[in-house]
**Q** 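Before anything else, here's the structure in question.
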Amino acid sequence: MSTQGASQGSRSKPRRVLLKLSGEALMGEKGFGLDYLSLTRIAKDLIEVHSGGIQICVVVGAGNIFRGLAGSEIGIERPTADGMGMVATVINALAMQNMLEGLGAETRVQSAIKMDAICEPYIRRRAIRHLERGRIVIFAAGTGNPYFTTDTASALRAAEMSCDLLLKGTQVDGVYSDDPKLEPSAKRYERLSFSQVLRDNLQVMDSAAISLARENKIPILIFSIHNKGAFKKVLEGAGKFTLIDDLTE
Ligand code: UDP
């Protein structure tokens with residue numbers, strides 16, 4: 001199965017993609033914070049795809065540092081806790097930027113919450129220009145609003161940047177009928193429709209993200225970020241993944 005130009009029905013390779021990296025992807029086996037080896041490996045995977053001529057946007061989460069929900073559970077009011085979560089995504093974005101630049105890539109971090117001393121503010125047209133000039137653009141601070149997630153931010157930015165594909169690099173190699181770690185007979189879906197994901201409440205991305213992607217006809221590809229070289233492979237239609245689009249509806 002090819003993922004290439006899935007929504008357009010063409011087989012040309014995508015011109016511009018957005019990769020959502022959860023905070024957990026950056027912490028390796030550590031359980032918290034940042035892991036040098038994971039950051040380096042992911043950075044190399046990004047550069048491999050980028051040097052193949054595909055423009056790359058990245059949205060980073062912060063589950064390795066702080067999630068708003070965890071803050072509200074200990075009595076911090078939710079909008080404040082979400083602000084803390086968004087700031088934590090900036091930490092991850094700067095770490096990823098540093099790794100990428102250390103490996104020779106040109107990058108920019110754009111934050112939805114202004115932090116002028118350390119990164120650019122989010123400006124859509126400027127971000128597009130960076131991409132066209134061969135820079136990898138990392139979007140930080142989610143949507144800039146509480147009560148949202150970086151999944152929703154990734155669908156939003158993918159739409160704003162006119163991306164051909166939104167990829168989510170997760171802990172497992174696709175969407176399963178059950179938790180594959182607990183239920184060995186769980187089956188991985190090769191392909192799902194947006195409606196099916198919403199109807200069956202499949203835990204892929206939150207429903208706001210799925211709806212936004214569907215509305216803007218941006219296919220979503222779920223794959224394991226832990227397999228070295230998987231980013232390039234899945235873009236070529238190889239390896240294991242689940243593709244979510246509207247072709248099967
Ligand atoms: N967040 C937010 N608004 C956004 C995106 C993120 O308030 O638009 C906050 C929210 O508290 C969230 C945290 O930032 O828990 C980290 O993002 P997320 O949980 O999506 O990270 P991930 O699970 O992908 O690592």
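Bear in mind that the values here come from a model prediction, so they are computed numbers and not experimental data. Counting convention: from 1, in listed order, for ligands and their atoms alike.
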**Q** Test your reading of the structure: does Asp151 have an N or O sitting under 3.5 Å from an N or O of ligand 1?
**A**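 No; every N/O pair is 3.5 Å or more apart.
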**Q** Give me the nearest non-hydrogen protein atom to atom 15 (O) of ligand 1 as residue plus atom name, then the distance to 0.1 Å.
**A**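 Ranking protein heavy atoms by distance from atom 15 (O) of ligand 1, first comes Gly68 N, 3.1 Å.
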**Q** Which protein non-hydrogen atom lies closest to atom 7 (O) of ligand 1, naming both residue and atom, and how far is it?
**A**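 Nearest neighbour among protein heavy atoms for atom 7 (O) of ligand 1, to 0.1 Å: Asp82 CB, 3.1 Å.
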**Q** Which heavy atom of the protein is the closest neighbour of atom 6 (C) of ligand 1, given with residue, atom name and distance?
**A**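 Minimum-distance protein heavy atom for atom 6 (C) of ligand 1 reads Phe148 O, 3.6 Å.
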**Q** Compute whether any side-chain donor of one residue and acceptor of the other, for Asn227 and Asp173, lie under 3.5 angstrom apart.
**A**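 On atom types as modelled, these side chains do not qualify, holding no pair under 3.5 Å.
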**Q** What atoms of ligand 1 come within less than 4.0 Å of a heavy atom belonging to Thr143?
**A**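 Per the distance check, 4 (C), 8 (O).
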**Q** Tell me the protein heavy atom at minimum distance from atom 13 (C) of ligand 1, and give that distance in Å.
**A**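 Answer, as residue, atom name and distance: Gly85 CA, 3.7 Å.
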**Q** Check this for me, if you would: do Lys232 and Asp45 make a salt bridge, where the nitrogen-to-carboxylate-oxygen distance has to be below 4.0 angstrom?
**A**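 No, Lys232 and Asp45 are not salt-bridged.
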**Q** With heavy atoms under 4.0 Å as the rule, classify the contact between Leu69 and ligand 1 as side chain, backbone, both or neither.
**A**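 Neither; no heavy atom under 4.0 Å.
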**Q** Does Arg124 reach the side chain of Arg157, with side-chain heavy atoms less than 4.5 Å apart?
**A**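 No, their side chains stay 4.5 Å or more apart.
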**Q** With no hydrogens and no angle check, do the side chains of Glu183 and Ser185 hold a donor and an acceptor under 3.5 Å apart?
**A**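 Per modelled atom types, Glu183 and Ser185 side chains form a pair under 3.5 Å.
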**Q** Considering only protein heavy atoms, which is closest to atom 20 (O) of ligand 1, and at what distance to one decimal place?
**A**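 The answer is Thr150 OG1, 2.5 Å.
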**Q** Below 3.5 angstrom, do we get any N/O pair linking Thr89 and ligand 1?
**A**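 Min N/O separation from ligand 1 is not below 3.5 Å for Thr89.
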**Q** Should Ala62 be counted as touching ligand 1, given the test is an N or O pair under 3.5 Å?
**A**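 It does: an N or O of Ala62 is found under 3.5 Å from an N or O of ligand 1.
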**Q** Kindly confirm or rule out an N or O of Gly23 lying under 3.5 angstrom from an N or O of ligand 1.
**A**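 Among all N and O atoms of Gly23, at least one is under 3.5 Å from an N or O of ligand 1.
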**Q** Students should be able to answer this: which protein heavy-atom is nearest to atom 5 (C) of ligand 1, and at what distance?
**A**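 Checked against all protein heavy atoms, atom 5 (C) of ligand 1 sits closest to Thr149 C, 3.3 Å.
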**Q** Tell me the closest heavy-atom pair linking Pro79 and Pro146, and the distance in Å.
**A**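 Taking Pro79 first and Pro146 second, the nearest heavy atoms are CA-CB, 3.8 Å.
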**Q** Indicate yes or no: does an N/O atom of Glu24 lie under 3.5 Å from an N/O atom of ligand 1?
**A**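 Not met; the criterion fails.
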**Q** Out of all atoms in ligand 1, which are within 4.0 Å of some heavy atom of Gly61? Include the element for each.
**A**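 Near Gly61, the atoms of ligand 1 are 21 (O), 22 (P), 24 (O), 25 (O).
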**Q** Using a strict cut-off of less than 4.0 Å between a Lys/Arg side-chain nitrogen and an Asp/Glu carboxylate oxygen, indicate whether Asp246 and Arg214 qualify as a salt bridge.
**A**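 So Asp246 does not pair with Arg214 through a salt bridge.
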**Q** Can you list the ligand 1 atoms lying under 4.0 Å from a non-hydrogen atom of Gly63?
**A**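 That gives atoms 21 (O), 22 (P), 25 (O) of ligand 1.
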**Q** Heavy-atom distances under 4.0 Å decide this one: backbone, side chain, both or neither, for Lys20 against ligand 1?
**A**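 Only the side chain of Lys20 comes within reach of ligand 1.
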**Q** Judged by modelled atom types alone, do Thr150 and Lys20 share a side-chain donor-acceptor pair under 3.5 Å?
**A**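 Result is yes, a qualifying pair exists.
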**Q** Between the candidates Lys168, Arg78, Arg67, which shows the shortest non-hydrogen contact distance to atom 23 (O) of ligand 1?
**A**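 The residue whose heavy atom sits nearest atom 23 (O) of ligand 1 is Arg67.
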**Q** If only side-chain N and O atoms count, and only distance matters, is there a donor-acceptor pair under 3.5 Å linking Gln55 with His50?
**A**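 Side-chain D/A pair, His50 to Gln55: absent.
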**Q** Backbone or side chain, does any N or O of Phe66 fall under 3.5 Å from an N or O of ligand 1?
**A**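 Phe66 vs ligand 1: no N/O contact under 3.5 Å.
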**Q** Could you walk me through whether His130 and Glu120 satisfy the side chain to side chain donor-acceptor pair (under 3.5 Å) test, starting with their C-alpha distance in whole Å, then the side-chain angles of each, then the deciding distance to 0.1 Å, before giving a yes or no?
**A** CA-CA 12 Å; His130 288 322; Glu120 292 184 2; 3.0 Å; yes
**Q** Hey, are Thr152 and Asp206 close enough side-chain-wise for a donor-acceptor pair under 3.5 Å?
**A**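 Yes - a donor-acceptor pair under 3.5 Å links their side chains.
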**Q** Looking only at distances, please establish whether an N/O atom of ligand 1 is found under 3.5 Å from an N/O atom of Ala153.
**A**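 No: no nitrogen or oxygen of Ala153 is under 3.5 Å from one in ligand 1.
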**Q** Which word best sums up how the rings of Tyr122 and Phe139 line up, parallel for under 30°, tilted for 30 to 60°, or perpendicular for over 60°?
**A**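 Perpendicular, since the angle between the ring planes exceeds 60°.
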**Q** Could you check whether any heavy atom of Pro146 sits closer than 4.0 Å to an atom of ligand 1, since that is the contact criterion I want to use?
**A**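 Under 4.0 Å: yes for Pro146.
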**Q** Run the numbers for me: atoms of ligand 1, each under 4.0 Å from some heavy atom of Ser22, listed by number.
**A**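 Those qualifying, in numeric order: 24 (O), 25 (O).
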**Q** Please say whether Asn145 places an N or O atom under 3.5 Å from an N or O atom belonging to ligand 1.
**A**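 Yes.
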**Q** Under the criterion side chain to side chain contact (heavy atoms under 4.5 Å, CB included), which of Leu192, Val234, Val197, Val204 is the partner of Thr242?
**A**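 When side chain to side chain contact (heavy atoms under 4.5 Å, CB included) is applied between Thr242 and each of Leu192, Val234, Val197, Val204, only Leu192 qualifies.
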**Q** Is a salt bridge present between Arg16 and Asp164, judged by a nitrogen-to-oxygen distance below 4.0 Å?
**A**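 Salt bridge flag = no for Asp164 with Arg16.
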